[in-house]
Structure formats: structure tokens, C-alpha cells
Amino acid sequence: MQTIMTQSKVETVMTIKVLYFASLRELFGREEQALDCADIETVADVWKEVSAGYEVSQSVLNSVNQEYAELDTPVKAGDEVAFFPPVTGG
Amino acid sequence: MQTIMTQSKVETVMTIKVLYFASLRELFGREEQALDCADIETVADVWKEVSAGYEVSQSVLNSVNQEYAELDTPVKAGDEVAFFPPVTGG
Amino acid sequence: MVTITETPFDPWQTISQYQEQMQCDGEFGACATFVGTMRDMNEGDEVNGMLLEHYPGMTEKHLESIVANAEEKWGLLDTLVVHRVGELFPNDPIVLVAVWSAHRKDSFEACRFIMEDLKSKAPFWKKESLSEAEQQAGKNRWVENNTSGY
Amino acid sequence: MVTITETPFDPWQTISQYQEQMQCDGEFGACATFVGTMRDMNEGDEVNGMLLEHYPGMTEKHLESIVANAEEKWGLLDTLVVHRVGELFPNDPIVLVAVWSAHRKDSFEACRFIMEDLKSKAPFWKKESLSEAEQQAGKNRWVENNTSGY
């Protein structure tokens with residue numbers, strides 16, 4: 001997961017990539033955003049930053065770096081965090 | 001199952017059709033025979049008549065008129081009785 | 001539909017053709033299938049060929065009653081059972097069961113139920129040829145029991 | 001093999017072609033498959049179309065881990081999973097799972113396990129268009145939960 005970067009590129013990585021899918025994408029009116037990672041320690045912190053006051057409920061699932069995660073899962077710069085409703089494939 | 005017959009044909013129906021399949025067909029050296037139904041009341045009676053002393057075992061299954069049957073299932077003239085080993089299809 | 005055939009069949013083409021003439025387009029959300037194929041090994045021995053014997057009449061009746069039982073027990077839209085008889089060779093499809101239903105639980109359970117009932121009760125018997133030499137010498141062996149599928 | 005595709009696929013032709021290039025001829029005695037197809041009704045409403053959204057990257061990874069789990073749990077010879085995304089219409093195949101094994105118990109159980117895990121955890125989301133008028137008005141509905149398959 002770690003790559004050697006030039007000093008000028010370090011800045012771009014000091015963010016967390018946040019993705020939204022399905023009804024949450026429509027609710028938030030966006031599918032992706034870059035979040036400054038200052039003061040972010042967990043998925044719950046990410047949610048608080050991006051959700052504009054929406055309560056997190058059982059029907060909001062999340063993942064960190066494309067693996068299912070919990071609200072207390074740690075998040076660091078460069079991570080990809082996603083929020084989405086219960087899945088309905090198949 | 002019943003048809004109107006001329007007197008001359010009644011005689012042909014006073015038999016039981018006995019069929020053998022798979023290893024039992026090979027053991028008995030025949031696949032079919034007509035058995036006089038005198039003194040035949042059950043599948044066990046049929047077996048005694050045709051088996052030339054072979055013991056009936058758990059690995060001999062039977063049917064009467066193409067439905068699974070037991071040794072004490074009644075058998076009458078015109079019936080089709082079959083003996084066969086455990087099935088191995090599929 | 002239940003079919004017993006001496007002719008080799010392609011299971012996927014058979015399902016595809018059967019499905020095309022079905023009258024429940026848009027209704028079925030689920031199709032579970034099972035295809036049994038002849039292997040070239042059994043009980044540790046190489047198998048070169050197989051003779052599949054059945055009880056004409058009783059076999060068809062029994063398979064039709066299995067299908068009727070499954071259709072009564074689960075909500076099925078259509079069911080197809082094809083079983084090969086006669087002379088078979090390794091890699092030949094032996095049996096095909098395909099079950100269509102609105103929801104997946106029904107087709108999964110019915111497909112397995114039909115296969116287990118077929119294996120344990122439908123009057124078919126397999127005789128294996130273990131090698132060409134044995135085959136020519138008529139030294140084949142009857143398969144004695146099917147293993148349980150549960 | 002796991003494939004996500006925006007292109008409509010014929011499940012039977014897909015299985016047939018996949019099986020032809022498999023390297024286990026003579027070894028597999030059993031193949032259990034499941035095909036999920038789009039119905040024209042859901043929860044009592046007529047459905048005209050569907051948008052199937054997924055999480056590119058995570059979806060593939062998750063399906064591959066389901067397959068790896070199944071292959072570890074049962075003795076499988078090969079596994080194929082195909083899932084459609086994008087715009088779908090009634091009667092379109094949505095998902096295909098095919099599992100090959102030596103004996104039937106393994107393929108039956110693994111096929112159902114893969115489908116249940118896929119339905120409950122793989123990141124796909126369905127949005128239904130209930131009528132052409134609603135579709136034009138952008139009034140579609142997200143499917144909220146998959147029903148249990150057990």
C-alpha cells in the first residue's frame with residue numbers, strides 16, 4: 001500500500017477519498033469527494049464530516065479500502081471510505 | 001385395467017409377468033417370465049417360485065405394477081412383478 | 001417434462017431450448033440446475049465405459065411422480081428432467097435436472113430434492129467397464145449403491 | 001472465474017463455453033448452477049426496467065473472496081460467477097453461479113452458499129422503474145433489501 005512519493009505529491013495524499021452509492025449517492029447529491037484528514041480517526045468521524053447532520057442508521061453500511069468496516073474502524077490519509085445502503089444484487 | 005375378453009383369451013391372463021433387472025437379471029439368466037398364478041398370493045410367493053432357492057435379502061427390491069412393493073404385497077393374475085437390486089442412477 | 005434418452009445430449013443446449021418454449025417469461029426469477037456427468041474414475045478404478053439400464057415404464061412413472069411431488073411441495077413454474085440410458089463414456093452427461101421458480105429458495109431446494117429422490121429411488125442401474133481388456137472379457141461390475149447426497 | 005459485465009449474456013451458452021475450456025474433463029461428476037433472472041413484477045408492482053449499480057473494485061474483490069471461501073470449504077474443481085450491471089429489462093439474466101465438483105453434495109452446497117453470500121454481501125444495488133411514465137419522470141425506487149434464501 002505504501003509508495004515512495006516526491007515531496008510535492010505528499011499533499012494530495014493527506015486526504016481521504018469518500019464514495020457514496022445508490023440511495024446514499026442520491027441523498028448526498030454526489031458520488032465522491034476528497035476529505036481533509038485532519039481530526040479524522042474513524043469511519044464515524046468521516047460520517048460526521050460529510051453527512052451534514054444525517055443520523056447514521058443500521059441501513060448505512062460502510063467500507064474502508066473496499067473491505068466492510070464498522071463505525072469505529074480506524075481511517076488514515078490515503079484511505080478509501082464508502083457509504084452505501086444494504087446490498088440488493090443477484 | 002380391466003378389458004372385456006373373449007373366453008379363449010382369459011387363459012393368457014391367468015399368469016403373472018415377472019421381470020428381472022441388472023445383477024438379478026444376470027443371476028437368474030433371464031429378463032422376463034410368465035408365472036402361473038395358482039397358489040400365488042404375495043410377492044414373497046412369487047419369489048419362492050422363481051428364485052430356485054436363492055435367499056431374498058435386503059438388496060433385493062421389488063415392485064408390483066411398476067410401484068415399489070413389499071414382500072407381503074398382494075399379487076393377482078395379470079400383475080407385473082419385478083425384482084431388482086438397489087438403484088444407482090443419476 | 002421428463003425424458004429418458006439413449007442419445008447423448010448437451011445439457012446446456014437442452015436447458016436453453018426448453019426454456020425458450022416455456023410460457024412463463026418474466027415470471028421466473030430463479031433457475032437451479034444440476035448436471036451429473038460420467039467420471040473416468042470410480043472407487044479408485046479407471047472406468048472406460050458404462051451401461052445404464054432402466055425399467056421402461058416404471059422409470060418414467062417414478063420420475064414424473066418425483067416432479068409432481070416437488071411441484072406440490074414448492075411453488076415451481078417449470079421442471080425439466082433428462083436421464084441418459086444405454087452405453088455411456090466418460091464425460092458424457094448422465095442426468096439433468098432444471099427447476100424454475102419465482103424465488104431462489106424454491107428452485108434450490110426442489111432441484112436437490114429431485115436429484116436425491118432420483119438417485120435413491122428411480123429404477124436405473126449402472127454397470128461399469130473397468131478396462132478395455134475386462135470389457136472384452138465381459139468382466140464388468142455393477143455399481144452397488146449410490147452414496148448419499150446430504 | 002468472476003466476471004462483472006454491462007453486456008447481456010446467455011447463461012447456458014456462457015456455462016457451455018466455460019466448461020469447454022476447463023481442464024478437468026473426466027474428473028467432474030457434478031455441476032450445480034443457479035441463474036437469477038429479472039422478473040416483470042416485484043412486491044406487487046409491474047417493473048419495466050432496472051438499473052444495477054455496483055462498487056467497481058470492491059465488488060470483484062468480494063466475489064473472488066466468496067469463491068475462494070467456497071473452494072476452501074468444499075472440494076471444488078471449478079467455479080464461475082457472472083453478474084450483470086447497468087440497465088436491465090425483464091427476462092434478462094442478472095447472475096449466474098456454476099460450480100463443478102467430483103460429487104453432487106459439494107457442488108449443491110457451494111452453489112447455494114455462493115448465491116446467499118453474494119445476495120447478502122456483494123456490493124450491488126438495484127433500482128426499479130415501475131412504469132414508463134414514472135421512468136420518464138425519474139420516479140424510480142431502490143430495492144431496499146434482499147429476501148433470505150434459506
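Each chain gets a letter, A, B and so on, in the order the sequences are listed, and its residues count up from 1. Given the structure is predicted, the values throughout are model-derived calculations rather than measurements.
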Can you name the nearest heavy-atom pair linking [X] to [Y], along with the distance?
X	Y	result
C:Trp100	C:Thr79	CE3-N, 4.3 Å
C:Cys31	C:Thr33	SG-CG2, 3.7 Å
C:Leu80	C:Val82	CD1-CG2, 4.0 Å

* For each of C:Lys119, C:Arg39, C:Lys105, tally heavy-atom pairs with chain D at distances under 4.5 Å, and name the one with the top tally. =>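 The option with the most such pairs is C:Arg39.
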* Which of the residues C:Thr37, C:Ile15, C:Val99 is involved in the greatest number of heavy-atom pairs with chain D at under 4.5 angstrom? ->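 Going by pairs under 4.5 Å, I would pick C:Thr37.
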Could you measure the distance from the [atom1] atom of [X] to the [atom2] atom of [Y]? Nearest 0.5 Å is fine.
X	Y	atom1	atom2	value
C:Asn91	C:Leu88	CG	CG	11.0 Å
C:Glu128	C:Trp142	CD	CH2	11.0 Å
C:Lys126	C:Met50	NZ	CE	5.0 Å

* To do: Taking heavy atoms only and a threshold strictly under 4.5 Å, list by residue number the residues of residues 52-73 of chain C that touch chain D; give 'none' if the list is empty.
  =>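 The list, in residue order, is empty: none.
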* D:Ser101 side-chain N/O to D:Ser107 backbone N/O, donor-acceptor pair under 3.5 Å ->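 Yes; at least one donor-acceptor contact below 3.5 Å.
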* Main-chain N/O of D:Trp12 paired to D:Ser16 side chain as donor or acceptor, under 3.5 Å ->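 A pair under 3.5 Å: no.
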* Asked: What option among D:His103, D:Met41, D:Met38 has the most heavy-atom pairs under 4.5 Å with chain C?
  ->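 Highest number of heavy-atom pairs under 4.5 Å: D:His103.
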* Asked: Which one, D:Gln13, D:Glu109, D:Arg104, leads in non-hydrogen pairs under 4.5 Å with chain C?
  ->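 Of D:Gln13, D:Glu109, D:Arg104, D:Arg104 has the most heavy-atom pairs under 4.5 Å with chain C.
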* Proximal to chain C - members of residues 18-30 of chain D, heavy-atom separation under 4.5 Å ->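 If one takes a 4.5 Å heavy-atom cut-off, the residues of residues 18-30 of chain D near chain C are D:Gln19, D:Asp25, D:Gly26, D:Glu27, D:Phe28, D:Gly29, D:Ala30.
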* Asked: Is there any residue in residues 111-118 of chain D with a non-hydrogen atom under 4.5 Å from a non-hydrogen atom of chain C, and which ones are they?
  ->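 Expected list: D:Cys111, D:Arg112, D:Met115, D:Glu116.
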Flag side-chain contact, heavy atom, 4.5 Å: [X] against [Y]:
X	Y	value
C:Asp106	C:Leu76	yes
C:Lys127	C:Val143	no
D:Pro93	D:Arg84	no

* To do: Side chain from CB out, backbone as N, CA, C, O: work out which of these in C:Ser148 comes under 4.5 Å of a heavy atom of chain D, or both, or neither.
  =>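 When you check distances to chain D, only backbone atoms of C:Ser148 fall under 4.5 Å.
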* chain D contact via C:Ala102 - which portion, at a heavy-atom distance below 4.5 Å ->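 Both parts, backbone and side chain.
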* To do: List in chain and number order the residues that pass side chain to side chain contact (heavy atoms under 4.5 Å, CB included) with C:Asp45, two or more places apart in sequence or in another chain; answer none if no residue qualifies.
  =>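 Scan of C:Asp45 (side chain to side chain contact (heavy atoms under 4.5 Å, CB included), adjacent residues dropped) gives C:Leu130, C:Arg141.
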